[in-house]
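These numbers were taken from a predicted model, which means no experiment stands behind them. Order of the sequence lines sets the chain letters (A, B, ...), proteins ahead of strands, with each chain counted from 1.
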Amino acid sequence: MIERYSHQKVEGFWQTKWKENQVFESKLDNKKNKYYVMEMFPYPSGKIHMGHVRNYTLGDVVARYKKMKGFNVLHPMGWDAFGLPAENAAIKEKKNPSDWTYSNIKVMKKQLKSMGLSIDWSREIATCHPDYYKHEQKFFIELYKKGLAYKKESLVNWDPVDQTVLANEQVIDGKGWRSGAEIIQKKLSQWFLKTSAYSEELLSDLTKLTNWPEKVKTMQSNWIGKSVGLEIDFSILKSENISSQKLKIFTTRPDTIFGATFCAISPNHPLAIEIKKTNTEVKNFISRIEKNDEKINIDEKLGIDSGIKVKHPVKTNSELPVYIANFVLMEYGSGAIFGCPAHDQRDLEFANKYKLDVIPVVMPKNEKVDSFSIKNQAFVEDGILINSEFLNGLSVEQAKKTINEKLVKDGSAKYKTNFRLRDWGISRQRYWGCPIPIIYREDGKVLPVKEKELPVLLPQNISLTGKGNPLGQNKDWKKTICPETGMAATRETDTFDTFFESSWYFLRYCSPRSKEAFEKKSLNYWMPVDQYIGGIEHAILHLLYSRFFTKALRDLNYFNFDEPFKGLFTQGMVTHKTYYSSSQEWLNPEDVYFDQKTNSTKKVVGDTPVEVGRSEKMSKSKNNVIDPSSIINKYGADTARWFMMSDSPPERDLEWTETGVEGSYKFINKIWNFSNKILFEESLNNSEMTERDINFKNNINNYIVRISTNIEKFHFNKVVANIYELTNYAQKEYECKDLAKNTFLDFLKTYAKLIHPIIPHISEEIWNLMKNEGMVVDQTWPILEKLKIDETKSKVKLAIQINGKTREIIEVGEAATKKEVEELVMINKKIFKYIDGKEVKKIIYVPKKILNIVV
RNA sequence: GGGCGUGUGGUGGAAUGGUAGACACGGUAGACUCAAAAUCUACUCGGCGCAAGUCGGUGGAGGUUCAAAUCCUCUCACGCCUACCA
């Protein structure tokens, strides 16, 4: 009798064994090639979810595989431990954010360990620990001294629910990314990091990232948004109340200058602010725009004539009105534009609304000047210049060049490159974050905290109410003195955006306990990260900030590499069907069942019918969450890992299904039973190796190649299919009882290695059952056995096509020539039927694949 | 509005110019069993046919090619991201 496979016993046993032998603890070793693989670290929210299981299984498969391939693997884990939920829990449940966070970490660490991950836990970091955040306080001061961190008064996105400032990227459709609240504009003094200083490099270095998904690179490139154009000065025609004489505008379409019929400036433009002091109509308009409710309907273009006129820079005797318009952004370019309605959709909508002229200056090649006009659709494609004096007849590109040169020569314009990327606002009015190490002296001086005074620790005794700035309310903490002068001073009460911590943690993993932030020799050995794995939702923010940080720290002479992540992989979400009851509530998958008799889905309690919705990302709001722990308890980690890798390609969404998990569980047991049969069933002979054995070994070689390349290419769903196929194949051969026992013992040894990256526990158990030495985790990946193959005897299947349609499949020798195959085919009855009485025009032969006869 | 992606059986998906549907889930039939579970075996794209077989088939319409799910053009549907960036 074969003993039933018990994941409860087996998995814990091997997890302990790996730990005792410290097999995952990485040491710097210059003789070995390193491989640094890491997944995005989790926020300790309470317990792990299926997204984590997928993410960390993916990384673990890579880590274990690379280790077996002989690499010195670094596979660390940590906690993105600062953040709002801890503070919200503190307010709601009167818990200390620190206690709440650390107890969550404890729970989640246990869960992650139960997955059997090959993590070097000796490198574990938590970003809320002073030993971690003290280093970033130091970086900040160094960035400040270098002019890369600065404070400015600015309009910021204010989340009225979280009572905090959000970065532009954190505002989605006008709502807070976490709270979902409608965001309002508020003026505050904020700390910024000069990400814009690296715009050009952040953009151009994207080309170096050959192991990144194109999609992510495109998203970053669009976000940085480089545009090359011209900054043109328009002279302001004197108006008594205006101090400035010129209006600077930015354009990428200087070729359309003759089509300009107005100028527009942002409501925040200095000129607009000046005008509103004396013009109440303008003042009322601007305050209306600034009101939040005006921002909701962003489609409606609103403007007001400022009363000012400017001179057209090239068209003689032409004056343009200057409007104040809601669609012009102060943050981009110079906050002012010239409007060319014929060739810009926004300008056209605005012009149509306020009855401004529309002058077409570019027309399609085949049009006639007299009949060409613009109605509701601006013409934005290439064409021929018209109504443009000396530019007439030129193409858009030629016209650009001509007008550029003229305006620059005249001194009324200069070349300008603008980026959409803005500086990163890092101030947050929160408690549970890293304190910004700045003091404000009573004489008004702003000073960075002295290095020896670091870290600036968060105060322990704090009462969180959810109103206002917690550190600002803590008077004892806030009050300090200037160590140099002894003058009274107050501390900065804002904390860093939590993206600050996650922008450099991959560097800290290299020497997580070093006194200084980094140990140079460790950094230079391990960095860059060879493979980073995480969700696509971080395609812009986290990855861009990390890239910026790497470049900024490089320029502070910490190291000399340019990019943090050599390879990036973004995995899809884990989804589940949604269930909606007649009483209008979302039902958990556990509370419904499929009734085969009526062919419908029903509620377990009450037996009432349930509507089945489409598969969506597991979320509390849709109540379609499956708890990983209960799955691991019931089926074991190997089952969960196997299912995670099966079916869907990792970059796509994976639908979690009960039947799929059952199937994975059955497979684990099947492997176990088969292995036991090989080892203990006395039905195999001990005879010599025959040709059949060699053939079998050759086929196993084939599977090794396929599995290896599929792992390298991240095609894990195909690896799973390969292993299924391999198992079925070996089982069939076994049932034939024609092979030698040693052949199967060799096979099982190889097999245990091949399944190890995905399902390591059962792999160790099989290895142990065979009484092999050591553990699979320390073995080298299977090498191909060199076997003697008789080329003339090995056959391949060849498809015979008539006019491209497959009509017959024949077996021929691997090295068969065209002539040999032709001869074989012509005497084949089935094929002859199709050729008979027809003229053979052409025969195409692709060795080992097809022979196509064209008749 | 812009960008990216996807469309193949009942389902997840294989096949990146050469046998469409690997592998898995589900389903049907059978074996074992008092019975069930588990396990094993066979079948499972559609039409016609008792069968051998044959015709059709990768969202739709064209095209390139000896050969197209794959390459090109147009078109439809869905999904994701992004959005007044001048």
**OP:** I would like to know whether A/Asp233 and A/Lys248 meet salt bridge (Lys or Arg N to Asp or Glu O under 4.0 Å); could you show each step before the answer?
**Re:** CA-CA 5 Å; A/Asp233 288 332; A/Lys248 268 192 200 309; 3.2 Å; yes

**OP:** Please report the C-alpha distance between A/Asn728 and A/Lys670 in whole Å, then the side-chain angles of each, then the deciding distance to 0.1 Å, and finally whether the side chain to side chain contact (heavy atoms under 4.5 Å, CB included) criterion is met.
**Re:** CA-CA 10 Å; A/Asn728 291 340; A/Lys670 185 174 164 174; 3.2 Å; yes

Subject >> Test log, rule side chain to side chain donor-acceptor pair (under 3.5 Å), inputs A/His576 and A/Glu658 >> reply: CA-CA 10 Å; A/His576 197 290; A/Glu658 279 34 282; 3.0 Å; yes

**OP:** Please assess A/Tyr579 against A/Asn624 for the test side chain to side chain donor-acceptor pair (under 3.5 Å), listing each intermediate value before the final yes or no.
**Re:** CA-CA 8 Å; A/Tyr579 304 99; A/Asn624 61 343; over 6 Å; no

Original post:
Would A/Val719 and A/Ile758 satisfy side chain to side chain contact (heavy atoms under 4.5 Å, CB included), going step by step from the backbone distance to the final call?
Top reply: CA-CA 9 Å; A/Val719 175; A/Ile758 302 181; 3.9 Å; yes

**OP:** Just do the ring-ring contact (aromatic ring centres under 6.0 Å, His included) check on A/Phe569 and A/Trp212 with the steps written out, would you?
**Re:** CA-CA 7 Å; A/Phe569 188 88; A/Trp212 277 42; over 10 Å; no

Original post:
Would A/Ser227 and A/Tyr332 count as a side chain to side chain donor-acceptor pair (under 3.5 Å) if you check the C-alpha gap in whole Å, the side-chain angles of each, and the deciding distance to 0.1 Å?
Top reply: CA-CA 11 Å; A/Ser227 49; A/Tyr332 187 75; 2.6 Å; yes

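Residue-level contact check: A/Asn669 touches neither bases nor backbone, having no heavy atom under 4.0 Å from any strand. Residue contacts shown for A/Val328 include a base, since a base heavy atom lies under 4.0 Å away. Backbone-only engagement by A/Thr251 is indicated by non-hydrogen atom pairs under 4.0 Å involving sugar-phosphate atoms exclusively.
Between A/Glu616 and A/Lys577 no salt bridge is recorded (no basic side-chain N to carboxylate O distance below 4.0 Å). Contact check on A/Lys677 versus A/Glu735 returns a salt bridge, with a Lys/Arg side-chain nitrogen under 4.0 Å from an Asp/Glu carboxylate oxygen.
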Original post:
Could you spell out the base pairing of RNA chain B in dot-bracket, with Watson-Crick or G-U pairs whose two distances are under 3.5 Å, [ ] crossing and | to another strand?
Top reply: (((((((..(((.....[....)))((((((.......))))))((((....))))..(((((..]....))))))))))))....

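Note: NZ (A/Lys842) to P (B/rU65) measures 10 Å, nearest angstrom. Rounding to whole angstrom units, CD of residue A/Glu655 and P of B/rU6 are separated by 20 Å. As a whole-Å value, the separation of A/Ile853 CD1 from B/rC66 C1' is 11 Å. Counting to the nearest Å, the P atom of B/rC66 and the NZ atom of A/Lys818 are 14 Å from each other. Distance CD1 (A/Ile232) to P (B/rA86): 14 Å, rounded to an integer number of Å. In this structure, the NZ atom of A/Lys217 is 17 Å from the C1' atom of B/rG5, given to the nearest Å.
Taking atom P in both B/rA86 and B/rA69, the straight-line distance is 42 Å, to the nearest Å. Nucleotides B/rG49 and B/rA36 place their C1' atoms 40 Å apart, quoted to the nearest Å. As rounded to the nearest Å, B/rG79 and B/rC72 have P atoms that lie 25 Å from one another. B/rU70 and B/rU44 have their P atoms separated by 26 Å, with the value rounded to a whole Å. B/rU19 and B/rA15 are spaced 11 Å apart, taking the C1' atom of each and rounding to whole Å. Taking atom P on both B/rA35 and B/rG30, the two are 13 Å apart, rounded to the nearest angstrom. Rounded to whole Å, the C1' atom of B/rC32 lies 9 Å from the corresponding atom of B/rU39. Between B/rA77 and B/rC43, the two C1' atoms lie 34 Å apart (nearest whole Å).
Closest to the side chain of A/Tyr332, out of B/rA83, B/rA86, B/rC4, is B/rA86. For A/Val854, counting side-chain heavy atoms from C-beta on, the closest listed nucleotide (B/rC23, B/rC66, B/rC55) is B/rC66. For A/Lys670, counting side-chain heavy atoms from C-beta on, the closest listed nucleotide (B/rA86, B/rC40, B/rU82) is B/rC40. When distances are taken from the side chain of A/Tyr724 to each of B/rG56, B/rA86, B/rA24, the shortest belongs to B/rA24. Side-chain proximity of A/Lys215 to B/rA86, B/rG26, B/rC80: nearest is B/rC80. If you check B/rC84, B/rA14, B/rG3 against the side chain of A/Asn222, the one that comes closest is B/rG3. Nearest nucleotide to the A/Glu725 side chain, out of B/rC4, B/rG13, B/rC23: B/rC23.
Remark: of the listed residues A/Thr657, A/Thr575, A/Thr578, A/Thr575 is the sole one forming a side-chain hydrogen bond (donor to acceptor under 3.5 Å, both in side chains) with A/Ser615. Just one of A/Tyr724, A/Phe716, A/Tyr635 meets the ring-ring contact (aromatic ring centres under 6.0 Å, His included) condition when paired with A/Trp642; it is A/Tyr724.
The main-chain N or O of A/Gly51 is never found under 3.5 Å from a side-chain atom of A/Asn55 such that the two would form a donor-acceptor pair.
In terms of position along RNA chain B, the nucleotide closest to A/Lys577 lies nearer the 5' end than the nucleotide closest to the other residue of the pair A/Lys577 and A/Lys666. Between A/Met219 and A/Lys805, the residue anchored closer to the 5' end of RNA chain B is A/Lys805, taking for each the nucleotide with the nearest heavy atom.
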Pick out the pairs of N or O atoms, protein on one side and nucleotides 15-21 of chain B on the other, that lie under 3.5 Å.
unit_1, atom_1, unit_2, atom_2, d
B/rA15, OP1, A/Lys718, NZ, 2.4
B/rG18, N2, A/Gln801, OE1, 3.3
B/rG18, N2, A/Asn852, ND2, 3.4

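Ring planes of A/Phe262 and A/Tyr323: perpendicular class, angle over 60° (limits at 30 and 60°). Ring planes of A/Phe350 and A/Tyr354: tilted class, angle from 30 to 60°.
An OP1 or OP2 oxygen of B/rG53 is reached within less than 4.0 angstrom by no side-chain nitrogen or oxygen of A/Arg807. Between A/Arg652 and B/rG13, a side-chain N or O to OP1/OP2 separation shorter than 4.0 Å is present. Remark: A/Ser664 is not in phosphate contact with B/rA24, judged by side-chain N or O atoms under 4.0 Å from OP1 or OP2. Not one side-chain nitrogen or oxygen of A/Asn722 sits closer than 4.0 Å to the OP1 or OP2 atom of B/rC23.
For the pair A/Lys301 and A/Phe327, the cation-pi criterion (under 6.0 Å, within 45° of the ring axis) is fulfilled.
A donor-acceptor contact under 3.5 angstrom links the side-chain atoms of A/Lys301 to the base of B/rC84.
Near RNA chain B, meaning a heavy atom under 4.0 Å from it, residues 726-734 of chain A has A/Asn728 in order of number.
Against the 90° criterion about 0, the sugar-base torsion of B/rG9 places it in the syn range.
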